Peer 1: 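Sharing a structure, written as structure tokens. Questions coming.
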Protein chains: 2
Amino acid sequence: MNENPDLRRATVHDVAREAGVSLATVDRVLNGRPGVRPVTAEKVERAIAVLDFRRDLSASLLARSRDLRLRFIIPDGSNEFMVNLGAAIARRVRPAAGERMSIETSTYRALDAAALAASIDALEPKSCDCVVVVATEDDAVHRAIDAATRRGIAVMTLVSDLPGSSRKHFIGIDNIAAGRTAGSLLGRFCAAGGEIALIAGSLALRDHRERYEGFAGLLREEFPRLSLVGPFEGHDERAETEQLVAEVLDRHPNLVGLYNVGAGNAGLIAALQRSGKSGKVRVIAHELSETTRLGLMHGVIDVILDQNPDGEIRAAIEAARGLALGRENGESRDQHPEAIEIGIFLRDNLR
Amino acid sequence: MNENPDLRRATVHDVAREAGVSLATVDRVLNGRPGVRPVTAEKVERAIAVLDFRRDLSASLLARSRDLRLRFIIPDGSNEFMVNLGAAIARRVRPAAGERMSIETSTYRALDAAALAASIDALEPKSCDCVVVVATEDDAVHRAIDAATRRGIAVMTLVSDLPGSSRKHFIGIDNIAAGRTAGSLLGRFCAAGGEIALIAGSLALRDHRERYEGFAGLLREEFPRLSLVGPFEGHDERAETEQLVAEVLDRHPNLVGLYNVGAGNAGLIAALQRSGKSGKVRVIAHELSETTRLGLMHGVIDVILDQNPDGEIRAAIEAARGLALGRENGESRDQHPEAIEIGIFLRDNLR
DNA sequence: CCAATTTTGAGGTACGTGCCTCATGACCTA
DNA sequence: TAGGTCATGAGGCACGTACCTCAAAATTGG
């Protein structure tokens, strides 16, 4: 049984009384308005700390009679994962509106870093409080993020990080751990030993590289009876991946396992089915989608590692609220958002 | 790019205008106060539907100047999972307070259905809006839940459901799917065939039974080369489970896999280590905890299926907000909370 | 049709915060 | 010391909803 000691949370009035100043001054400090001597501001800060005052976000947004404006910027195109991500965002628009958050989405041509940077630069603080971007590793993007931060827009990265920039949070999975998990599973699936092939989209992509490294490292450490073939790059293209996998299967007739760290799963599935090896080779791939779901159902794919777009979007929205609360305040009382878990799906626990 | 068509959400004022009644009448309808003719109420309901009016929960709680009161009732005792569940609740108390929700927890003696029922009966609608219980299958509990619902307290079940009662939602995993998933993994781990043992706490427990059935069914359907030994009941006791597992390992020297659907993992691990078979038998168990975490790290356990207490608590809180919004309204506009995913953990993706 | 009762309207105050104006006080500089 | 700038206080209105009172209107029963 928990009894709450302070039944009522502290309000700005309490802070004013505790600090021995007027409400107006507290307001000026809280909202970063000018005209407060450092000494006075310090008194207010102390009172805030003493009373553990936390601004009531709902009342705050109510008073401003404006919503917290959140914008997602994601790559467009046919990448099934990004489409799912967009759908996950759309799914959250209504519920978020109920909590006074308006969500907008814009897209940029996939891999077009300049376009992404331009999109970020176009944001004005008066119409956007927080932006969440699926970043590509690029200097222009890096600069755009820093500039947006300076303009007072909170920036977060999603799925793929841009460490070193002024982004407040990264929302996404640990791709090295994902690679190791795939290795751990495949190692147990193929206990008898043999060859395992690794397919990637491009090793220039940070997430693909990290998955590969985690996977290869784990096999080396724990399953010396398994030998790694590849990595091969299929550039996340259906046709190219299909041909690539067909060739690999052909050249390595005793292949026992296959790990695709990238996209292009439709091609992978087609090649496996065509070769007649479906079900005989253990297969792990990434991201739940219509395609991979079917792959699981038909027994072509054994395991899917998934980023859980819904969870990521939820975490992003929650983190945005957190940032909105602690903004402008001297102390950054932002807690890190919960880490995104790697979803592991077999045919039997498909959601 | 999404442009919001109706920039402003509808307010009670809009509803009053649309319905051609006064604000007071709208208020009476919205909050179920008496003194409104059915005809008039109908007009208001129509206006609400037309404008897609949704009460602003934050403003509502602000106006009432009281928080949404949520109570969790969970079993006490040494069950590590329940302790974790309690910790997950505690972790959410502060963040929830920031959204005007006060959370309290009470416990009852594990498996003591009468005590649970009494706890539920003791709740008054004026000090509790919503209660979340880890239910045991019992008629008295069933009745207590129905009575609470009649008193105007929303009830939800957590972890273990009580279907047929008036509980609004069940928050928990699909235990049949969990059992099937375990079977699917163990089947692939032990592709060469052999004997697999199943340990349960008690088959009288709904979740244990369901996991067992899912597991056994899947092995039968997909892995005929594997034969199931058991189920054996260890009553979720450390010592009893340890002795049980030791006996099973002794009597079945060629055992290739082991699935524990219940608790008592400390005993399981001890028995495996003592027998010298740790690492030679593939092991799947349930619930991340200090114990099972160590089991994973040391290679005694291969996979842990987890309920994700944090996710469950979060879902429960979100669902409670949803119920608070739609209460008293004629239409039940409650959407079902997201299903809880079965977490799958190996040594390599421990969170 | 009158009286009793029920239904409805009008308007106020409150919640915690944001934002505005205006007045007053303190401080500095010439 | 006068004139100016800057810091601070006092207070009000707004946001959307809850809840209250009081009066006016509509409906009902006899």
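What you see below is based on every heavy atom in this structure, not just the backbone, and it leaves out hydrogens, waters and symmetry mates. The sequence lines fix the lettering, A, B, ..., with proteins before strands; numbering per chain opens at 1. Keep in mind that what you see is a predicted model, and the values were worked out from it rather than measured.
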Peer 1: Of the nucleotides dG9(D), dA18(D), dG9(C), which one has an atom closest to the side chain of R64(B)?
Peer 2: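 Nearest listed nucleotide: dA18(D).
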
Peer 1: Write down the distance between CZ (R54(B)) and P (dG16(D)), rounded to a whole number of angstrom.
Peer 2: 14 Å

Peer 1: Take atom CZ of R17(A) and atom C1' of dA10(D), then tell me their distance rounded to the nearest Å.
Peer 2: 16 Å

Peer 1: Counting only heavy atoms from other residues, nucleotides and ligands, does the tally under 6.0 Å from CZ of R94(A) exceed 12?
Peer 2: no

Peer 1: To the nearest Å, how far apart are L62(A) CG and dA14(D) C1'?
Peer 2: 9 Å

Peer 1: Could you tell me which non-hydrogen atom of I120(A) sits nearest to which non-hydrogen atom of A148(A), and how far apart they are?
Peer 2: CG2-CB, 3.9 Å

Peer 1: For the side chain of V21(A), starting at C-beta, report the closest nucleotide among dT17(C), dT17(D), dG9(D).
Peer 2: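 Of the candidates, dG9(D) comes closest.
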
Peer 1: Give the nucleotide from the list dT17(C), dG16(C), dT17(D) with an atom nearest to the side chain of V12(A).
Peer 2: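 The closest nucleotide is dT17(C).
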
Peer 1: Please tell me which of the listed nucleotides, dG9(D), dG16(C), dG9(C), lies nearest to the side chain of A59(A)?
Peer 2: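 Minimum distance to the A59(A) side chain belongs to dG16(C).
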
Peer 1: Are any of the side-chain nitrogens in R143(A) or D146(A) under 4.0 Å away from the carboxylate oxygens of its partner?
Peer 2: no

Peer 1: Given dG16(C), is OP1 or OP2 found less than 4.0 Å from the side-chain N or O atoms of R55(A)?
Peer 2: no

Peer 1: What is the distance, rounded to the nearest whole Å, between atom CG of D27(A) and atom P of dG11(D)?
Peer 2: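 After rounding, the reported distance stands at 16 Å.
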
Peer 1: What's the closest nucleotide to the A24(A) side chain, out of dA10(C), dA10(D), dG18(C)?
Peer 2: dA10(D)

Peer 1: Checking contacts here: which listed nucleotide (dA7(D), dA18(D), dT17(C)) is nearest the side-chain heavy atoms of R37(A)?
Peer 2: dA7(D)

Peer 1: Is any N or O donor-acceptor pair between the side chain of R28(A) and the base of dG9(D) shorter than 3.5 Å?
Peer 2: yes

Peer 1: Can you tell me how far P of dG18(C) sits from CG of L30(A), to the nearest Å?
Peer 2: 6 Å

Peer 1: R33(B) has a side chain; which of dG18(C), dT17(D), dC19(D) sits nearest to it?
Peer 2: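 Output: dC19(D).
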
Peer 1: Pick the closest DNA chain C nucleotide for V39(B) and for R100(B) by heavy atoms, then say which residue is nearer the 5' end.
Peer 2: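 Going by which nucleotide is closer to the 5' end, it is V39(B).
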
Peer 1: Check the phosphate of dG9(D) against S22(A), side-chain N and O only, distance under 4.0 Å to OP1 or OP2. Yes or no?
Peer 2: yes

Peer 1: Apply the side chain to side chain contact (heavy atoms under 4.5 Å, CB included) test between Q307(A) and each candidate in I340(A), V159(A), I171(A); give the one that qualifies.
Peer 2: V159(A)

Peer 1: What is the separation between atom CD1 on I48(B) and atom P on dG16(D), rounded to the nearest whole Å?
Peer 2: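 After rounding, the reported distance stands at 16 Å.
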
Peer 1: State whether R314(A) and E318(A) are salt-bridged, where the test is any N-O pair (Lys NZ or Arg NE/NH1/NH2 against Asp/Glu carboxylate O) under 4.0 Å.
Peer 2: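 Judged by the 4.0 Å cut-off on N to carboxylate O distance, R314(A) and E318(A) do not form a salt bridge.
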
Peer 1: Rounding to a whole Å, what distance do you find between D14(A):CG and dG16(C):C1'?
Peer 2: 11 Å

Peer 1: If you only use heavy atoms from C-beta on, which nucleotide in dG16(D), dA18(D), dT17(C) is closest to the side chain of D56(A)?
Peer 2: dT17(C)

Peer 1: Check the distance between dT17(C)'s P and L68(A)'s CG and give it to me in whole angstrom.
Peer 2: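 My rounded result for the distance is 17 Å.
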
Peer 1: Hey, which sits more toward the 5' end of DNA chain C by its nearest nucleotide, A41(B) or A63(A)?
Peer 2: A41(B)

